There are 2 protein chains.
Amino acid sequence: MESEEQYLKNYDASRFPSPIVTVDSVLFTLHEKQLCVLLVKRSQHPFQGLWGLPGGFIDLQQDNSTQATATRKLAEKTGITPSWLEQLETFSGPNRDPRGWSITATWFALIAWEACQPHIATVSDVQWCPVANLESEALAFDHATIIASALQRLRQKTMYSLLPVYCLPDTFTQTQLQEATEAILGQPVQRKSLIRRFEASGMFEDTGQSVATGARKARLWRRKPNIPVHLFSRNLLPE
Amino acid sequence: MESEEQYLKNYDASRFPSPIVTVDSVLFTLHEKQLCVLLVKRSQHPFQGLWGLPGGFIDLQQDNSTQATATRKLAEKTGITPSWLEQLETFSGPNRDPRGWSITATWFALIAWEACQPHIATVSDVQWCPVANLESEALAFDHATIIASALQRLRQKTMYSLLPVYCLPDTFTQTQLQEATEAILGQPVQRKSLIRRFEASGMFEDTGQSVATGARKARLWRRKPNIPVHLFSRNLLPE
DNA sequence: AGAATAGTGTCTGTCAGACAGTATGGG
DNA sequence: CCCATACTGTCTGACAGACACTATTCT
């Protein structure tokens, strides 16, 4: 009987046909009260010239997880790592990639628009696309489906957490959080409800500063470091 | 400039090193008020002889998604397809499989114990392991981590849906649902709260039959066909 | 009748929705 | 001083928790 050591020495990974494996990310941000998603113009086949999600192949030498691949690819396109990153579904099948049976591990990310802008402004193959305009864009692969799944996740989590803060700059006002929440949900929310949650979450601290946006000054807040996202036991907007 | 057609004709998927790709499932059931998970004894290296999750390689000819792989492997071990199946996280990295850089798409499934028993009773390499006994089991790969993730998902969903019914036979009593819920959450729940949700969900219909379990007869219910799982806007047991 | 299980009535507490009311700072 | 924006007070309604109560069936 063969030992595990011997088995591993003789193991040839290429013996079995393997699917094409990729990693793709859906990075959202907020800009001018619009929820936007990051798209990259494809410079290579397949779907050359179309817009698609940032992503690509795993680098088996460098990446020690698909999360590392996602982070690396996002950093290439935005110059930074997103302030929120979590795994979404994995999509697979024989027909979603014309090159053959494929599987893509997808990630869902949030970032402040301001944080990426310095880098994105310098390149022409990366754009923020408002989700409202997605219908008129033809996207590569099944990326429209992946974005729809990410949007659903984002909306769901916005109902029972304050996740939208990860779309805001380091310091922000309660009104900005409200606007972010409303842009994501596509409908108004009660400011009072949001502020009750804001206080109950224990996730934020007052910077002591304030900013004028026209009339009365608004207090500036920041996320406390190393505090996990608070999950509420009730949803906003329960229909 | 190369056309996409030409590019695809010349494309050789084996040009790039590819990770090992597998699919694994965490199938839960309820037996004697205990939440159990399906384990399979590994007949092959690596981890030969240890218990692990049911799963394996994608059959690129037969399977048209990782869901098909999960269903196929579960059917091999239990004789049937689970009544609930949804995707969990995908785990990846250079060290989780001694054969090399690997990725496993994992699925989370529920089934009634009674439905599998005829098949499972006939084989010796498959067992239901109560989750309470998992600590003392050495499992293959990172399967303990995968089960922990599945358990967390199950508990979370039990708080805001009636998912535990998918661990019950086709017809069941409200008391059975309560016991399932309590076994999953590991603590008692208010029967009244559960029944309020049961009625509000619109997911069930009375069979007209009833069953005696010692004293007063209990009504037997069944899931209405083709009704999606109802999600409540509040959690049970909000701490 | 008594025991055990099935199922209901109803009070309290929590928190979201609604919206009126107060505070602050720029013209 | 006016008004826009920031922020607070407080009432209502929905629904979970708690637990006492009634109903049914077996011995």
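Values in this document were obtained by computation on a predicted structure and should not be read as measured data. A, B, ... follow the sequence lines: proteins, then strands. Residue 1 opens every chain.
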*Between K217(B) and A215(A), which has a closest nucleotide on DNA chain C that is more 5'?*
K217(B)

*Should Q190(A) be listed as having a side-chain N or O under 4.0 Å from OP1 or OP2 of dA18(C)?*
yes

*R191(B) CZ to dG9(C) P, straight-line distance once rounded to whole Å*: 14 Å

*asked:* Pick the closest DNA chain D nucleotide for W221(A) and for S233(B) by heavy atoms, then say which residue is nearer the 5' end.
replied: W221(A)

_How many whole angstroms separate atom CZ of R196(A) from atom C1' of dG9(D)?_
11 Å

_How many whole angstroms separate atom CG of L237(B) from atom C1' of dC15(D)?_
14 Å

*Mind checking whether H31(A) and W113(A) have parallel, tilted or perpendicular rings, split at 30° and 60°?*
parallel

*From the list dA16(D), dA6(D), dA6(C), which nucleotide is the closest neighbour of the side chain of A218(B)?*
dA6(C)

*Using atom CG of L220(A) as one end and atom C1' of dA6(D) as the other, report the distance to the nearest whole Å.*
13 Å

*Between E179(B) (CD) and dT5(C) (P), how many Å, whole number?*
10 Å

*T213(B) near the nucleic acid: base, sugar-phosphate alone, or nothing, with a heavy-atom cut-off under 4.0 Å?*
sugar-phosphate

*Please say whether the positively charged group of R234(A), taken as NZ for Lys or CZ for Arg, lies over the ring of Y160(A), i.e. under 6.0 angstrom from the six-membered ring centre and within 45 degrees of the axis.*
no

*Does the pair R222(A)/D170(A) count as a salt bridge with the N-to-O cut at 4.0 Å?*
no

*Select base, sugar-phosphate, or nothing to describe what T175(B) touches, counting heavy atoms under 4.0 Å on all strands.*
sugar-phosphate

*Counting any heavy atom closer than 4.0 Å, what does R197(A) reach on the DNA or RNA strands: base, sugar-phosphate only, or nothing?*
sugar-phosphate

*Can you check whether any acceptor in the base of dA4(C) is under 3.5 Å from a donor in the side chain of R216(B), or vice versa?*
no

_Heavy-atom donor-acceptor pair, K192(A) side-chain to dG9(D) base, under 3.5 Å_ = yes

_Does dC7(D) have OP1 or OP2 under 4.0 Å away from a side-chain N or O of R219(A)?_
yes

*Does R234(B) put a side-chain nitrogen or oxygen below 4.0 Å from OP1 or OP2 of dC15(C)?*
no

*To the nearest Å, how far apart are F198(A) CZ and dA6(D) C1'?*
13 Å

*Does the distance from a Lys or Arg side-chain N to an Asp or Glu carboxylate O, for E86(B) and R153(B), drop under 4.0 Å?*
yes

*Q174(A) side chain near dC7(D) phosphate (N/O to OP1/OP2, under 4.0 Å)*: yes

_In whole Å, I'd like the distance from the CD atom of Q178(A) to the C1' atom of dT5(D)._
12 Å

*Walk me through it: do Y166(A) and F28(A) pass the test ring-ring contact (aromatic ring centres under 6.0 Å, His included)?*
CA-CA 10 Å; Y166(A) 291 95; F28(A) 290 110; over 10 Å; no

*Nearest-Å distance for atom pair CD/P, residues Q209(A) and dT24(C)*: 19 Å

